[in-house]
Amino acid sequence: MQPTPKSLRLHIGLFGRRNVGKSSLLNAITRQQVSIVSAHAGTTTDPVEKPMELLPLGPVQFVDTAGVDDEGALGELRIARTRGVLDRVDLGVIVTEAGAWGDFEQALLAELKSRKVPVLVAFNKSDLRVPSPAECGVAEAMGALPVALSSLTGTGLSDLRAGLLKLAPADFFDNQRLVADLVPPGEVAILVVPIDKEAPKGRLILPQVMTIRDLLDAESMALVVQERELKNALDRLKSPPALVVTDSQAFLKVAADVPKGIPMTSFSILMARFQGNLAEQVRGTLGIERLKGGDTVLIAETCSHHPVGEDIGRVKIPRWLTQYVGAKVNFAHVQGRDFPQDLSSYRLVVHCGNCTGNRKEMTSRIHRCREAGVPITNYGLTIAYSLGVFERALAPFPDAMEAFAEARKG
Ligand SMILES: Nc1nc2c(ncn2[C@@H]2O[C@H](COP(=O)(O)OP(=O)(O)OP(=O)(O)O)[C@@H](O)[C@H]2O)c(=O)[nH]1
Ligand code: SF4
Ligand SMILES: [Mg+2]
């Protein structure tokens, strides 16, 4: 898998006066000594760039800039490079301190706003002094999001992460392909779609339709079969398919019928990557190992479909998980927008594929789980895990495999 190209990373600029702690903030977020920090004003002279995976947002590139302030004024040569950064960031963080907000910050904010860049105002050094509600109000009135934090103690860093997620432009979340990056143009994907009592009458469900459409857009081919026809379909192809995608509920049969060398996964796992954060949900799946009798698992669905027959969220997943744990586990269900504010009573969240939702909303649910210390997984990952085909189903996604290997070690 290719590393994320620079253009697909969300560029986040750190701006502000000299000595407010821009470089300290970068080091605190990355937990590395990326940028030199000192009590001497004017330490950073050229922009310092740091690409990283900022959970749960995804691939970002921080740009620490040379401090500029009133004496320097915005137009001067010394700050030409910082000004260049203003022109290329997707999101701006104005770093300041309580009591320091003034014309300079106001002008910086106006510069960013004129470029339609969302702005977060980080009141750093809150270990020394916290910003007043009035100060925060001034930033808010200008359309910026105020956050109090301390790069020294780490307080407020999670609010900063949540704020960046909230401000990230929606199109940042749209650059993940559903499946086409796994099936080169001209190659075939076999899609396994069981037509059982739970299948809606006369049509396919949205994740299946989206997968077919993505393959067509990429000039790849889709061969759609029921699980009984899979073996026959494989035999008829002159060369092996690039990928087999199955409904998660047919995992066992499909894993048995597809030769080991052919990559295999499920619609729901594709959706976790497309609509959420696959690596984070893979780590969350290990939460199944920590479940014990009496724990409560939250099953969350984005749409409010009416459950029919052996509904996957109401019947099948509870059954599989109970079998896996070998004791009585409680299940709570939410649908639609009602994702709970307080997650403390849950030991695990199992989310649906979120096909009717958007990635930004799903990412913020993942973030809330992370903050609450509650692991989050999804339907396909849970089924693959409890049926013992997890690694096989993740093999097409090296990043997710790596996350799994690391989480298991930890
Ligand atoms: N108490 C406290 N001190 C901090 C905090 N963050 C940074 N500092 C201190 O503030 C000073 C300046 O920090 P830098 O991170 O170098 O500031 P900067 O904004 O990058 O400065 P320039 O590169 O000169 O523009 C250093 O002495 C830091 O140790 C904080 O949250 N609390
Ligand atoms: S939103 Fe969730 S529950 Fe509704 S159809 Fe899509 S994956 Fe299934
Ligand atoms: Mg600096």
Side-chain angles (χ1 to χ4, degrees), residues 13-29 33-48 50 62-69 71-72 78-79 81-82 93-98 100 104 122-131 147-157 160 198-200 203-211 247-249 266-272 274-276 299-308 311-314 316-317 333-337 339 350-358 361-362 365 378-380:
L14 301 172
F15 304 99
R17 293 176 203 243
R18 294 181 297 171
N19 246 349
V20 288
K22 301 175 293 302
S23 302
S24 305
L25 180 52
L26 176 62
N27 294 348
I29 301 172
Q33 299 305 310
V34 175
S35 205
I36 299 166
V37 166
S38 89
H40 162 79
T43 306
T44 310
T45 51
D46 283 315
V48 174
K50 175 66 187 171
F62 279 103
V63 190
D64 180 21
T65 64
V68 285
D69 40 51
E71 302 141 49
R78 187 181 165 271
I79 61 154
R81 289 201 183 89
T82 296
V93 176
I94 299 180
V95 185
T96 183
E97 296 166 32
F104 170 73
F123 287 97
N124 190 31
K125 308 194 186 179
S126 68
D127 53 297
L128 301 177
R129 188 172 161 191
V130 286
V147 171
L149 55 89
S150 165
S151 305
L152 191 68
T153 65
T155 324
L157 284 179
L160 176 80
E198 286 80 39
R203 63 176 173 86
L204 298 176
I205 61 171
L206 193 52
Q208 296 157 355
V209 174
M210 289 164 73
T211 304
D247 185 296
S248 303
Q249 304 178 54
S266 77
F267 292 104
S268 181
I269 293 176
L270 289 177
M271 291 304 294
F274 183 63
Q275 291 282 53
I299 309 263
E301 295 184 333
T302 311
C303 78
S304 47
H305 71 268
H306 187 70
V308 282
D311 182 70
I312 180 155
R314 309 255 154 189
K316 288 182 178 154
I317 288 189
H333 295 85
V334 290
Q335 284 192 318
R337 294 259 127 87
F339 198 68
V350 185
H351 208 289
C352 76
N354 186 41
C355 70
T356 61
N358 66 44
E361 195 176 356
M362 189 64 216
R365 288 182 175 195
N378 99 334
Y379 280 12

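Remember, it's a predicted structure, so these values are computed and weren't measured experimentally. Position 1 is the first residue of the sequence; numbering continues from there. Computed over heavy atoms, backbone and side chain alike; hydrogens, waters and symmetry mates excluded. Counting convention: from 1, in listed order, for ligands and their atoms alike.
Every atom of ligand 1 with a heavy atom of D127 under 4.0 Å away is listed here by number and element: 1 (N), 2 (C), 30 (C), 31 (O), 32 (N). Residue-ligand proximity, S38 to ligand 1, at heavy-atom distances under 4.0 Å covers atoms 11 (C), 12 (C), 13 (O), 16 (O), 26 (C), 27 (O). Short contacts between ligand 1 and L128, defined as distances under 4.0 Å to a heavy atom of the residue, involve ligand atoms 1 (N). For ligand 1, the atoms lying closer than 4.0 Å to a non-hydrogen atom of G67 are 25 (O). Atom numbering of ligand 1 starts at 1 in the shown order; those under 4.0 Å from a heavy atom of V20 are 19 (O). Of all atoms in ligand 1, numbered sequentially from 1 with element shown, those under 4.0 Å from a heavy atom of S24 are 6 (N), 7 (C), 13 (O), 14 (P), 15 (O), 28 (C). Atoms of ligand 2 lying under 4.0 Å from any heavy atom of T302, numbered from 1 in the order shown and given with element: 1 (S).
Heavy-atom minimum distance, Q249 versus I312: NE2-CD1, 3.6 Å. Closest non-hydrogen pair, N19 versus E97, comes out as O-OE2, 3.7 Å. Pairing each heavy atom of A300 with each of F339, the nearest pair is CB-CE1, 3.9 Å. Contact detail for L160 and V147: the closest heavy-atom pair is N-CG1, 3.9 Å. The two residues A28 and S151 come nearest to each other via the heavy atoms CB-O, 3.8 Å.
For the residues N124, T44, T155, V48, the heavy atom positioned nearest atom 23 (O) of ligand 1 is part of T44.
Residue I36 places its CD1 atom among 12 or fewer non-hydrogen atoms of other residues, nucleotides or ligands, all under 6.0 Å distant.
Q275 places no side-chain N or O within donor-acceptor distance of the main-chain N or O of M362, the cut-off being under 3.5 Å. Of the possible polar contacts, none joining the K125 side chain to the T96 backbone as a donor-acceptor pair under 3.5 Å is found. Judged by distance alone, the side chain of R17 and the main-chain N or O of A100 form a donor-acceptor pair under 3.5 Å. Judged by distance alone, with hydrogens and angles left aside, the side-chain atoms of T65 form no donor-acceptor pair with the main-chain N or O of P47 at under 3.5 Å. Using a distance-only test at 3.5 Å, with no hydrogens or angles considered, a donor-acceptor pair links the side chain of N124 to the main chain of V20. In terms of modelled atom types and a separation under 3.5 Å, the side chain of S268 and the main chain of G380 share a donor-acceptor contact. Between the N27 side chain and the V34 main chain, a donor and an acceptor come within less than 3.5 Å of each other.
Below 3.5 Å of separation, one finds no N or O of A41 facing any N or O of ligand 1. Between T43 and ligand 1, a contact under 3.5 Å exists for at least one N or O pair. At a 3.5 angstrom cut-off on N or O pairs, S23 counts as close to ligand 1. Checked by distance only, ligand 1 and I36 stay at 3.5 Å or farther apart across all their nitrogen or oxygen atoms.
With no hydrogens or angles considered, no side-chain donor-acceptor pair links T302 and T356 at under 3.5 Å. When only modelled atom types and interatomic distance are considered, S35 and D64 share a side-chain donor-acceptor pair under 3.5 Å.
Residue contacts with ligand 2: N354 is included, with a non-hydrogen atom under 4.0 Å away.
Looking from atom 4 (C) of ligand 1 to the surrounding protein, the closest heavy atom is K125 CE, 3.7 Å. N19 OD1, 2.9 Å is the protein heavy atom nearest to atom 12 (C) of ligand 1. Here the heavy atom of the protein found nearest to atom 17 (O) of ligand 1 is G21 N, 3.1 Å. The nearest protein atom to atom 29 (O) of ligand 1, hydrogens excluded, is given as V37 CG1, 4.0 Å; this is a heavy-atom distance. Atom 6 (Fe) of ligand 2 has C355 SG, 2.3 Å as its closest protein atom, hydrogens excluded (heavy atom only). For atom 19 (O) of ligand 1, the closest non-hydrogen atom of the protein is K22 NZ, 2.7 Å. Among protein heavy atoms, the minimum distance from atom 2 (Fe) of ligand 2 is reached at C352 SG, 2.3 Å. Of the protein's non-hydrogen atoms, C303 SG, 2.3 Å is the one closest to atom 4 (Fe) of ligand 2. Here the heavy atom of the protein found nearest to atom 31 (O) of ligand 1 is S151 N, 2.9 Å. Counting protein heavy atoms only, atom 1 (S) of ligand 2 is closest to T356 OG1, 3.4 Å.
T43 lies apart from the Mg ion (ligand 3) in this respect, since none of its N, O or S atoms is found at a distance under 2.8 Å. Residue contact annotation: S35 places no N/O/S atom under 2.8 Å from the Mg ion (ligand 3).
Distance screen at 4.0 Å: atom 8 (Fe) of ligand 2 has no protein heavy-atom neighbour inside the cut-off.
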